[in-house]
Every structure is written in structure tokens, then in C-alpha cells.
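For reference, the structure discussed in these notes is given below.
Order of the sequence lines fixes the chain letters, A, B, ..., with proteins taken first and strands second; residue numbering starts at 1 for each chain. Side chains included, hydrogens not; waters and symmetry mates left out as well; all remaining heavy atoms used. Keep in mind that this is a model prediction, so the values were computed, not measured.
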2 protein chains.
Amino acid sequence: MPIKHDSAVPVYRQLAAILREEIASGTLAPDSPLPSESRLMQEHGISRDTVRKAIEILREEGLVVTVKGKGTYVAEG
Amino acid sequence: MPIKHDSAVPVYRQLAAILREEIASGTLAPDSPLPSESRLMQEHGISRDTVRKAIEILREEGLVVTVKGKGTYVAEG
DNA sequence: TGGGATTTGTTCGTATGTATC
DNA sequence: TGATACATACGAACAAATCCC
């Protein structure tokens, strides 16, 4: 599911949807770390700003927890 | 002094006036930092674009100095 | 003790598109 | 047409926490 820059759906919401799906499917298991912001930037060819907006959405949904200096983790069931 | 979106005075000029007054009154002392663009956006419920236009006015008036990655500071007397 | 690498947190700089008046 | 205002997106710099050697 490559990200489309010409979509009506903002890039950051596309990424949030991708990560949300990986969490729902178990590809990203509870307590496991998400790829770092740097990794997500590279993998999707997008900016840090956009990556952080996506993660912020998931954080507000209670799906992930972020720890400064460490990373972002999938919330426990 | 809440900002009025239905005023004849543009929002960015209203914010510039507010900040100018805080500098003049000493509420914002020389060398002290202004609230970040992010803070000003939240506090006044306006966009970053508009916040930056307001700060640009003060910068042109020599009232503030902006440093990338750090913030905007009240100019020294 | 110290230093370097990695990671998230925060800030300003710039550009583009959309909508409204 | 131009000015205003918002949202999106990418860059860049600085700061702080963590980790490992």
C-alpha cells in the first residue's frame, strides 16, 4: 500500500491507516516497538513532520505509547 | 483580548498588536522568548501562517529577533 | 567517567494548495 | 484580483533522553 501524494487523503492519515491496520492485524504486536521515525521516513519516502502527525493520531486513539529517547510502542491490549 | 475573526482588522494584525502591547508593558521583557508559534496557534486558535505574519510585523519593527531552532526573542532595549 | 549513536521533543524556515472575502 | 486564513508537506536546527561501549 504505497502512499499516494496526489490523494485527497492527506499523507499523514494514509500512514496512520497503514500503521493502524498493522496493529489490528497483529503484524505489530502489543508492547512491540514501531519502526523509528527515521525508518518510517525512509520506508515511505515522507518527511518527519508527516510521520509524527501520523503517530500522533494513533497516540490520541490510545493505540500506541511514545517514550522520549526510546521509541513508540504498541499499547497493551 | 480575544481575537475576532469577524473584525475589519486582520487577525495577524490583531495578534501583532497584542504582542506589541505585551512588549511595551514589559509583560514580555527584553531578551525573553515569545511563546512559540505552536503555543500562539493554540492560545489564539489561529493557524501558523497567521502567527508567523504577526511575528514578521514585529520583526520588521525591530521589536523581536528570531533564531531558527530556538525561538523568537524580545529585542534588547 | 566519558563519548558517540540513536531516538523522540521542540522550534523556526519554506512552499504549495484551497477557500473566502 | 489581491489579501486573508487555513491545511498540508518538506527542511533544518537545536534540545533532551536513552543506550552502549
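Nucleotide dC10(D) holds its C1' atom 16 Å from the CG atom of L40(A), rounded to whole Å. What separates CZ of R48(B) from P of dT16(C) is a distance of 16 Å, to the nearest Å. Between the CG atom of L58(B) and the P atom of dC12(C) there is a distance of 13 Å, given to the nearest Å. We find that NZ of K53(B) is positioned 8 Å from P of dA5(D), with the value rounded to whole Å. Across the protein-nucleic acid pair, H44(A) atom NE2 and dA9(D) atom P stand 14 Å apart, rounded to whole Å. The CD atom of E56(A) sits 10 Å away from the P atom of dT10(C) (whole-angstrom rounding). For the pair Q14(B) CD and dT4(D) C1', the interatomic distance rounds to 12 Å; values are reported in whole Å. The CD1 atom of I57(B) sits 14 Å away from the P atom of dA3(D) (whole-angstrom rounding).
In this structure, the nucleotide among dT8(C), dA5(D), dC10(D) sitting nearest to the side chain of S47(A) is dC10(D). In the set dG9(C), dA5(D), dT14(C), the nucleotide with an atom closest to the side chain of R52(B) is dT14(C).
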Evaluate side-chain contact (heavy atoms from CB on, under 4.5 Å) for I57(A) paired with R13(A), printing each intermediate quantity in order. CA-CA 8 Å; I57(A) 289 177; R13(A) 281 208 245 134; 3.9 Å; yes
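Residues of residues 64-73 of chain A that place a heavy atom closer than 4.0 Å to DNA chain D, in numerical order, are K68(A), G69(A), K70(A).
Considering only side-chain N and O atoms, H5(B) lies nowhere under 4.0 angstrom from the phosphate OP1 or OP2 of dT20(C). For the OP1/OP2 pair of dT4(D) and a distance below 4.0 Å, the side-chain nitrogens and oxygens of Y12(B) include at least one atom meeting the criterion.
A donor-acceptor contact closer than 3.5 angstrom is absent between the side chains of S36(A) and S38(A).
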